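Take a look at the structure below.
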Amino acid sequence: MHILVIEDQKKIAQALKEGLQAQSYSTSVASTGEEGFYLLNSEEFDLVILDLMLPGRDGLDILKTIRKTGRYIPVLILTARDTVEDRVLGLEAGADDYLIKPFAFPELLARIKALLRRNVASAATELKIADLKMDLIAHSVSRAGRPLELTAREFSLLEYLLRNQGQVVSREMLTRDVWRETGRAAPLDNVIDVHIARLRKKLDDPFPVKLLKTVRGVGFVLGGAEE
Amino acid sequence: MNLSPSSVRLRLTLWHALSLAVIIVVFAAAVYLFLRQSLRDQLDEQVSKDAAILKTMVSSGEIEETEDLEEIEQGKIIEYFQLQQPAQPTFRSRAWQIAGLDSVCRRTDPRAPRSVMAADGQSYRLVSTISTFRSDTVHIAVARPESPLRDSLYRLRLILSLSLPIAVLLAVAGGFFLAGRALSPIKTMAAKARLITADNLADRLPVENPDDELGQLAAVFNNMLSRLQDAFERLRRFTADASHELRTPLTAIRSVGEVGLREEQDATAYRETIGSMLEEVDRLTRLSENLLALTRLDSGNPSGAEEPADVSSLMTEVVDCLRVLAEEKGQEIRMNLEPGITASIDRVAIRQALINILDNAIKYSPPGRPISVSVRRTETGNTRIAVEDEGPGIPAEERGRIFERFYRMPQNARAGGAGAGLGLSIAQRSVERSGGSIEVSESKKGGSVFTIIL
């Protein structure tokens with residue numbers, strides 16, 4: 001997978017590049033729209049991460065130009081302009097998704113994954129990791145053959161963690177995707193922490209191998225990829 | 001001095017002069033017409049009197065001879081006259097002849113006074129009558145020149161037409177002076193207002209007489225200045241508070257980072273350091289999001305997202321969402337919701353407000369004490385949402401301030417409460433944006449009741 005990052009802030013561009021490469025995405029960085037456009041024409045990319053606020057040419061402009069070439073490529077825009085109009089403008093110009101600065105890196109990874117596998121339907125009826133199994137049809141969870149009694153919220157929380165297994169999931173992602181809360185200012189962090197603690201109690205406490213880990217300052221991860 | 005057409009002073013002056021000119025013209029015309037009429041009447045009366053005298057003289061036989069007539073003529077009492085008797089030559093006074101009145105008056109049937117133009121180019125007022133002397137019919141015609149009347153009227157016209165422009169000019173001058181005097185306080189006010197900037201918003205315009213129009217204007221201005229000053233003051237405090245709030249996590253990030261770098265550590269310790277820094281970043285992010293949310297709520301224009309929503313079910317959702325927090329503290333949330341109460345609200349904003357308030361109640365209530373939540377319709381048809389806790393309550397003197405930004409009650413601030421003191425501000429602004437109000441009071445059991453009226 002080859003990702004193009006068009007971002008003029010050197011520090012952010014560098015962090016993105018390192019982070020993406022650590023996830024084994026090959027990554028190229030362009031610091032201006034023109035450079036990005038040149039790279040797009042000379043190499044094959046699977047995804048573009050585009051900062052909307054670039055010197056010289058507006059990111060929206062570049063986005064429109066990319067869309068005019070006719071070749072479809074997923075574009076994820078980064079913006080500090082956190083108003084509905086800006087998001088709508090970006091999506092109308094052809095962006096596939098957007099992230100508001102400051103964003104959490106796990107969130108970016110999740111979005112990238114979603115965009116890259118967008119065409120692959122996930123019709124899985126069962127999710128599993130190690131000895132943990134979730135049956136999406138029977139709505140049941142078991143670990144090492146022992147059924148776990150989960151509340152509806154715990155179930156959807158675990159499902160989300162399972163779908164993103166091995167990836168760190170931030171509280172913001174949970175707020176939005178599991179609690180479906182639109183305002184990020186909602187004080188849901190404590191709520192999430194309580195649910196995670198309860199889930200952990202049912203999921204991990206009776207077993208020697210702990211699956212659900214907390215990554216301090218970032219979020220939670222199911223499975224051992226982060227160690 | 002501003003003499004552009006848009007100057008109020010000039011416009012006032014011109015309007016003043018114009019209206020005065022119209023009044024003078026109408027008045028002058030009336031005077032002129034009245035005078036003309038009365039002069040005419042007077043002339044007619046005189047000429048009729050002349051005719052009557054002649055008539056009497058003829059009928060009484062005082063006039064028999066031509067000499068009698070000449071006598072009358074010389075007496076200058078009646079100058080222009082003509083007598084026609086059958087079988088006698090027509091007698092015309094000398095003046096009559098000079099004026100050439102005979103050319104316009106040959107036969108004189110009795111007629112009321114009328115104006116005629118004589119051969120000498122002058123106009124005369126002519127009256128004719130009939131008298132009898134010894135069974136003879138005598139035709140009498142008497143005239144008086146109209147020129148004195150015309151002269152008078154001419155002089156009047158002259159005076160009027162000369163004095164009118166002078167009067168108007170005086171009116172312009174006077175009006176200009178008066179308008180200037182009347183407007184000078186406005187000029188002073190404008191000059192003073194021009195000097196007031198963001199730096200000296202405490203200055204006020206002078207109010208000479210608070211009851212007159214200008215005084216009221218100045219008062220309105222001053223009122224506006226007060227509000228501006230308040231807004232600036234709030235903004236200033238807000239900026240100061242915001243930077244103070246930013247400083248805390250920034251300091252934490254900095255010291256954690258510096259300490260972490262001081263000596264070689266193992267990966268776990270570094271992880272711990274970075275994680276701790278990220279936690280502070282999270283705090284910063286949340287703070288900036290809250291500030292943005294407030295700014296957006298403050299931007300004034302309603303969100304436009306108001307639509308009828310079921311408040312009872314919204315409250316249920318919020319309680320379900322936060323219930324785990326109460327459970328952790330052994331608190332029971334007692335719900336008393338009238339079903340199906342709807343109100344026109346911005347659902348997202350009100351949900352946020354309810355979350356913030358219920359979260360507060362859970363946070364500040366001691367473990368094991370119940371929290372009551374109720375939604376009901378008031379007698380006036382509004383929706384009343386109440387969240388009641390059995391916590392320590394809020395002292396009366398703090399109640400007015402708890403909705404202020406960054407305000408934390410002293411005991412909570414000392415305890416290092418997690419929030420930045422924005423939750424209730426956001427709740428209040430959200431509720432107000434949906435046209436509602438929020439207030440806090442003391443509950444029966446000494447805790448606090450937050451009441452939202454929508």
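Remember, it's a predicted structure, so these values are computed and weren't measured experimentally. Chain letters run A, B, ... following the sequence lines, proteins first, then strands; residues in each count from 1.
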Original post:
Taking non-hydrogen atoms and a cut-off under 4.5 angstrom, which of residues 148-161 of chain A neighbour chain B?
Top reply: none

**OP:** Determine the minimum heavy-atom distance between B/Thr285 and A/Pro102, stating which atoms define it.
**Re:** CG2-CG, 3.7 Å

Original post:
chain A heavy atoms under 4.5 Å from B/Glu280: which part of the residue, side chain, backbone, both or neither?
Top reply: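 Contact with chain A is absent: no heavy atom of B/Glu280 under 4.5 Å.
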
Original post:
Where on B/Arg323 is there a heavy atom nearer than 4.5 Å to chain A: the side chain, the backbone, both, or neither?
Top reply: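 For B/Arg323, there is no contact with chain A at all, as no heavy atom is under 4.5 Å.
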
**OP:** Give a yes or no on this: more than 12 heavy atoms of other residues, nucleotides or ligands lie within 6.0 Å of atom NZ of A/Lys128.
**Re:**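 No.
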
Subject >> Exceeds 12 heavy-atom contacts within 6.0 angstrom, atom NZ of A/Lys202 >> reply: yes

Subject >> Lys/Arg-Asp/Glu bridge criterion (N-O < 4.0 Å) met for A/Arg198, B/Glu328 >> reply: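 Here A/Arg198 pairs with B/Glu328 in a salt bridge, since their nearest N and O are under 4.0 Å apart.
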
Subject >> Check: A/Glu172 and B/Asp282 side chains under 4.5 Å, non-hydrogen atoms >> reply: yes

Original post:
chain A: which of B/Gly275, B/Gly423, B/Cys321 shares the most heavy-atom pairs with it under 4.5 Å?
Top reply: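 When all of B/Gly275, B/Gly423, B/Cys321 are compared, B/Gly275 has the most.
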
Subject >> B/Leu325 and its side chain to side chain contact (heavy atoms under 4.5 Å, CB included) partner, picked from A/Asp193, A/Leu188, A/Val191 >> reply: A/Val191

Subject >> Stepwise side chain to side chain contact (heavy atoms under 4.5 Å, CB included) test for A/Arg216 and B/Arg271 >> reply: CA-CA 8 Å; A/Arg216 190 175 175 196; B/Arg271 238 170 236 283; over 6 Å; no

